[in-house]
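Beneath this line is the structure, given in structure tokens, with notes to follow.
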Amino acid sequence: MNSQNSLLWSIKTRKSSKIIGYIFGTMHLGTPEAYSYAEIAKNYINLSDVYFSETDIDGLHAQDQSVFCLPDGGHIRQLISPHKYEKYREIILRFTSIDLNHYGYFLPFYLQSIMSTILLQVQNETPLDAYLWHYAKNNGIDCKGIEGIDEQKEILKNIPLQTQVKSFRIMCDHMSSWRSKLLSMQEIYARAEINQLYKMARQQAGGLRKLLLFDRNKIISHRIEASIDQENIIFVSLGAAHLYGNEGILAFLKRGGFIVKPIFD
């Protein structure tokens, strides 16, 4: 087994052999592949005192969906030609049963997220990150978000609408290959190949990789470091694509003087 092929890592300081935290890479999906390591993660959540998710799951669910909508009551039909709109509406209906007439008021990136979930036929399953949050909460563990919901909304707002529309059009023009990539991503996750997940996320982010990956990784790493103490063991759960790479969270923690090691059972 490749020494990097793990979604679960322990955190120690250089001054002590005591484990002071765990970091686990999740998926924002509820497929069987996403749940491949859920039971292992739960074992280590049980050893922890504080649980950190990428964001506050309870607060996220309480959000009005209007925050994910186009500004001023806009609709995606206003952003593409009538011919393209009808073509994409037909494609989306065929692949997902979503009617763009009803869903086109969402921001294109958010709409793509909804479509991706349905393409994987998991619209009725609890995403892994939400499942682990509720597991920790139900077991009396203090649960917190690393990023604020307002921060995540601000990131979404900072993605140019033109860029979102372009990405949406690419997805619609290549729906079959898009679904194949999603299925491939799940299989890669099930094999715990965090390097490949990082490469896929970096490629998909394109010119937005600094905003969506690198800058966020740096901020999240600093917050993890600030949350570490010798009294409480923390468990950090976040998207697996954030772990790997020179600008990944594992690398940031190592440069911050911590020892991170993979856990395989």
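Just so we're clear, the structure is a prediction, and the values are computed from it rather than from any experiment.
Closest approach of Ala240 to Leu7, counting heavy atoms only: CB-CD2, 3.8 Å. Closest approach of Gly74 and Gln78 over heavy atoms only: CA-OE1, 3.3 Å. When all heavy atoms of Asn5 and Phe264 are compared, the closest pair comes out as O-CE2, 3.4 Å. Across every non-hydrogen atom of Ile149 and Gly59, the tightest pair is CD1-C, 3.1 Å. Of all non-hydrogen atoms in Leu238 and Ile146, the two that sit nearest each other are CD2-CD1, 4.2 Å. Leu128 approaches Ala38 most closely through the heavy-atom pair CD1-CB, 3.9 Å.
Inter-residue side-chain proximity for Lys84 and Asp173 is flagged as met; some heavy-atom pair is nearer than 4.5 Å. The closest side-chain heavy-atom distance from Ile263 to Trp9 is not below 4.5 Å. Side-chain contact check for Leu213 versus Leu208: every heavy-atom pair is 4.5 Å or farther apart. Taking the side chain as every heavy atom from C-beta outward, Leu161 and Pro108 approach each other to under 4.5 Å. Between Val260 and Ile23 the shortest side-chain heavy-atom distance does not fall below 4.5 Å. Looking at heavy atoms from C-beta onward, Asn46 lies out of side-chain contact with Phe235 at the 4.5 angstrom threshold. Using a 4.5 Å cut-off on side-chain heavy atoms (C-beta onward), Leu212 and Ile155 make contact. When side chains are defined from C-beta on, Ile259 does not count as touching Leu253, because their heavy atoms never get closer than 4.5 Å.
Residues Phe106 and Phe68 keep their aromatic ring centres 6.0 Å or farther apart.
Ionic pairing of Arg89 and Asp99 is present here: one or more N-O contacts between side-chain nitrogen and carboxylate oxygen are shorter than 4.0 angstrom. A salt bridge is defined here as a Lys NZ or Arg NE, NH1 or NH2 lying under 4.0 Å from an Asp or Glu carboxylate O, and Asp150 with Lys153 meets this definition. In summary, Glu147 and Arg216 engage in a salt bridge, as defined by a charged side-chain N under 4.0 Å from a carboxylate O. Taking a cutoff of 4.0 Å between a charged side-chain nitrogen and a carboxylate oxygen, Glu54 and Lys144 do not qualify as a salt bridge. For Asp142 and Lys137, the salt-bridge test fails: no basic side-chain N is under 4.0 Å from an acidic carboxylate O.
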Inset, instruction - Could you walk me through whether Ile159 and Leu156 pass side chain to side chain contact (heavy atoms under 4.5 Å, CB included), step by step? - result: CA-CA 5 Å; Ile159 302 172; Leu156 190 58; 4.2 Å; yes
Inset, instruction - Check the pair Ile224, Ile234 against side chain to side chain contact (heavy atoms under 4.5 Å, CB included), reporting the backbone distance first and the verdict last. - result: CA-CA 9 Å; Ile224 291 173; Ile234 66 171; 4.2 Å; yes
Inset, instruction - Might you work through the side-chain hydrogen bond (donor to acceptor under 3.5 Å, both in side chains) test for Ser167 and Gln112, ending with a clear yes or no? - result: CA-CA 9 Å; Ser167 178; Gln112 281 182 259; 3.1 Å; yes
Inset, instruction - Please test Asp56 against Trp133 for side-chain hydrogen bond (donor to acceptor under 3.5 Å, both in side chains), starting from the C-alpha separation and ending with a verdict. - result: CA-CA 9 Å; Asp56 182 326; Trp133 168 279; 5.2 Å; no
Inset, instruction - Give the intermediate values and the outcome of side chain to side chain contact (heavy atoms under 4.5 Å, CB included) for residues Leu70 and Leu79. - result: CA-CA 11 Å; Leu70 287 162; Leu79 305 174; 4.1 Å; yes
Legend entry - Steps toward side chain to side chain contact (heavy atoms under 4.5 Å, CB included) verdict (Ile80, Lys87): CA-CA 11 Å; Ile80 54 180; Lys87 175 186 174 183; over 6 Å; no
Inset, instruction - Give the C-alpha distance, both sets of side-chain angles, the deciding distance and a yes or no for side-chain hydrogen bond (donor to acceptor under 3.5 Å, both in side chains) between Ser48 and Tyr22. - result: CA-CA 8 Å; Ser48 306; Tyr22 303 98; over 6 Å; no
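A tilted orientation is assigned to the rings of Phe252 and His222, their planes being inclined by 30° to 60°. Using bins of under 30°, 30° to 60° and over 60° for the plane-to-plane angle, the ring pair Tyr198/Phe214 lands in the tilted bin.
In this structure, Ser180 OG and Met185 CE are separated by 12.5 Å, a value rounded to the nearest 0.5 Å. The structure places CD1 of Ile114 at 10.5 Å from CD1 of Ile92, a figure rounded to the nearest 0.5 Å. Summarising the geometry, atom CG belonging to Leu100 is positioned 11.0 Å from atom OH belonging to Tyr105; distances are rounded to the nearest 0.5 Å. Here the straight-line distance linking atom CG of Leu132 with atom CD1 of Ile45 works out to 4.5 Å at 0.5 Å rounding. Once rounded to the nearest 0.5 Å, the distance linking OG of Ser116 with CH2 of Trp178 reads 6.0 Å. A distance of 9.0 Å separates CD of Glu247 from CG of Asp215, quoted to the nearest 0.5 Å.
Other residues, nucleotides and ligands contribute only 12 or fewer heavy atoms inside 6.0 Å of the CD atom of Gln203. The 12-atom threshold is not exceeded at NZ of Lys181, counting heavy atoms of other residues, nucleotides or ligands nearer than 6.0 Å. Sparse packing is recorded around NZ of Lys210, with 12 or fewer heavy atoms of other residues, nucleotides or ligands lying under 6.0 Å away. Taking a 6.0 Å sphere around CD of Glu86, one finds it holds more than 12 heavy atoms contributed by other residues, nucleotides or ligands.
When the side chain to side chain donor-acceptor pair (under 3.5 Å) test is applied to Gln164, no partner is found at least two apart in sequence or on another chain. Judged as a side chain to side chain contact (heavy atoms under 4.5 Å, CB included), and not counting sequence neighbours, the contacts of Glu154 are Lys157, Asn158.
Hydrophobic cluster membership is shared by Met171 and Leu183, with clusters built from Ile, Leu, Val, Met, Phe, Trp and Tyr side chains linked at under 4.5 angstrom. Transitive grouping of hydrophobic side chains (ILVMFWY, heavy atoms separated by less than 4.5 Å) brings Ile118 and Leu29 into a common cluster. In the hydrophobic clustering of ILVMFWY residues, with side-chain heavy atoms under 4.5 Å counting as a link, Tyr88 and Tyr85 come out together. Leu211 and Ile249 end up in the same hydrophobic cluster when Ile, Leu, Val, Met, Phe, Trp and Tyr side chains are linked at under 4.5 Å. At a threshold of 4.5 Å between side-chain heavy atoms, the hydrophobic network of Ile, Leu, Val, Met, Phe, Trp and Tyr places Ile188 and Leu243 in one connected group.
Although no hydrogens or angles enter the test, the distance criterion places a donor-acceptor pair under 3.5 Å between the side chain of Thr117 and the main chain of Ser113. Formation of a donor-acceptor pair under 3.5 Å by the His242 side chain with backbone atoms of Gly248 is not found in this model. Between the Ser16 side chain and the Thr13 main chain, no donor and acceptor come within less than 3.5 Å of each other. Looking at Asp129, its side chain never comes within 3.5 Å of a backbone N or O of Thr26 through a donor-acceptor pair. Judged by distance alone, with hydrogens and angles left aside, the side-chain atoms of Thr96 form no donor-acceptor pair with the main-chain N or O of Leu93 at under 3.5 Å.
Side chains of Lys42 and Tyr131: a donor-acceptor N/O pair is present below 3.5 angstrom, by distance only.
No option in Phe168, Tyr103, Phe95 other than Phe168 meets the side chain to side chain contact (heavy atoms under 4.5 Å, CB included) test with Met115.
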